[in-house]
Protein chains: 2
Amino acid sequence: MLQYQPKPLDLAFQALSDPGRRAMVERLCLGPASVSELAKPLPMTLSAVVQHLKVLEEAGLVKSQKLGRVRTCSLELKAMTEVEGWIAERKRFWEQQYDQLEAYLAQTAAKEDP
Amino acid sequence: MLQYQPKPLDLAFQALSDPGRRAMVERLCLGPASVSELAKPLPMTLSAVVQHLKVLEEAGLVKSQKLGRVRTCSLELKAMTEVEGWIAERKRFWEQQYDQLEAYLAQTAAKEDP
DNA sequence: CTGATACTGTAGCATTTGCTTAAGTGTTGA
DNA sequence: TCAACACTTAAGCAAATGCTACAGTATCAG
């Protein structure tokens, strides 16, 4: 069976759809943190956090490096920027659509009330 | 077992993580469309498209109404705006973090090379 | 009236996801 | 040296996801 190779955007949106993973990203927006620091506020085992971390790294949202026994995680902006870009592009189209509606209404109003 | 009530952001990100659903949103950014119009370019049955549509509607990304036998779908901007807002807020934090790094580097450089 | 159109709804099924538990490995401080 | 620490890895499992197939229900055009 042929299986679909997920695109970067798929992985980024998927990663951000989980509240725990978003909490981790929110924490990392304030600065780098160790795995245990990321895990502390979350209601799950360290094991689960490590698995979430893997999802975030594979989505390109987070990067990490190990020094001694501590893995320090930080934000990787690339994927976040891609998500931002996709939204911005959509916005461009829907605002254009809105302008067209506005123009149409203006035109209709002008005809009905010259 | 207690089960988690998904928040709007969870649903929106989750909905946008599927390439087919994103394609539907992209199409709707150009203007309203019927279910069949949305289905035409997608490599799946109409049934599957309807199920994706339901996900998009429950996420608040799309709304639809039926007239006669045709259901016309259009964008619902609310959820999209929330996603945009979450990203914008994160950006605010990580740019602040970057500024701090910049300031630190500038300070270090000043000390080392007065 | 009749056939085509445009969905609608449900059952079933293979995968994926989000955990937990349990058993490691490599570091470090006393 | 050795116990505590900071992960790491894998097995297992319940629930969610992403389909398909199939059997409907309205609506419209001729």
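Heavy atoms only: backbone and side chains are in, while hydrogens, waters and symmetry mates are out. To find a chain, count down the sequence lines: A is the first, B the second, and so on, and within it residues start at 1.
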Length of the [atom1]-[atom2] vector between [X] and [N], whole Å:
X      : N       : atom1 : atom2 : answer
L56(B) : dT17(D) : CG    : C1'   : 14 Å
M24(B) : dC19(D) : CE    : P     : 11 Å
Q51(B) : dT17(D) : CD    : P     : 12 Å
L53(B) : dG18(D) : CG    : P     : 14 Å
K54(B) : dC7(C)  : NZ    : P     : 17 Å
L67(A) : dC5(D)  : CG    : C1'   : 16 Å
L11(A) : dT16(C) : CG    : C1'   : 13 Å
Q14(B) : dT17(D) : CD    : C1'   : 8 Å

*Where each residue is assigned the nucleotide of DNA chain C containing its nearest heavy atom, which of G68(A) and K66(B) is assigned the position nearer the 5′ end?*
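Between the two, 5'-proximity favours K66(B).
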Counting only side-chain heavy atoms from C-beta out, which of [options] sits nearest to [X]?
X      : options                   : answer
L46(A) : dT8(D), dC19(C), dT10(C)  : dT8(D)
R69(B) : dC19(D), dC7(D), dT5(C)   : dT5(C)
D18(A) : dG26(C), dT20(C), dG18(C) : dG18(C)
V50(A) : dC7(C), dT8(D), dT20(C)   : dT8(D)
S47(B) : dA4(D), dG18(C), dC22(D)  : dC22(D)

Below 4.0 Å: OP1/OP2 of [N] and any side-chain N or O of [X]:
X      : N       : value
H52(A) : dC19(C) : yes
R21(A) : dG18(C) : yes
R71(B) : dT8(C)  : yes

Can you tell if the side chain of [X] reaches within under 4.5 Å of the side chain of [Y], non-hydrogen atoms only?
X      : Y      : answer
L61(A) : L16(A) : yes
L9(B)  : V83(B) : yes
V25(A) : W86(B) : yes

*Counting N and O atoms only, with roles assigned by atom type, does the side chain of R21(B) sit under 3.5 Å from a partner on the main chain of Q14(B), one being a donor and the other an acceptor?*
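Checking the backbone N and O of Q14(B) against the side chain of R21(B), a donor-acceptor pair under 3.5 Å is found.
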*Distance (rounded to the nearest 0.5 Å) between C29(B) SG and M24(B) CE*: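 Spacing of SG (C29(B)) from CE (M24(B)) equals 13.0 Å.
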_So S34(A), base contact, sugar-phosphate only, or nothing? Heavy-atom distance under 4.0 Å._
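Sugar-phosphate, backbone atoms only, no base.
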*Base, sugar-phosphate, or nothing: which does T45(A) touch, judged by heavy atoms less than 4.0 Å apart?*
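Touches a base.
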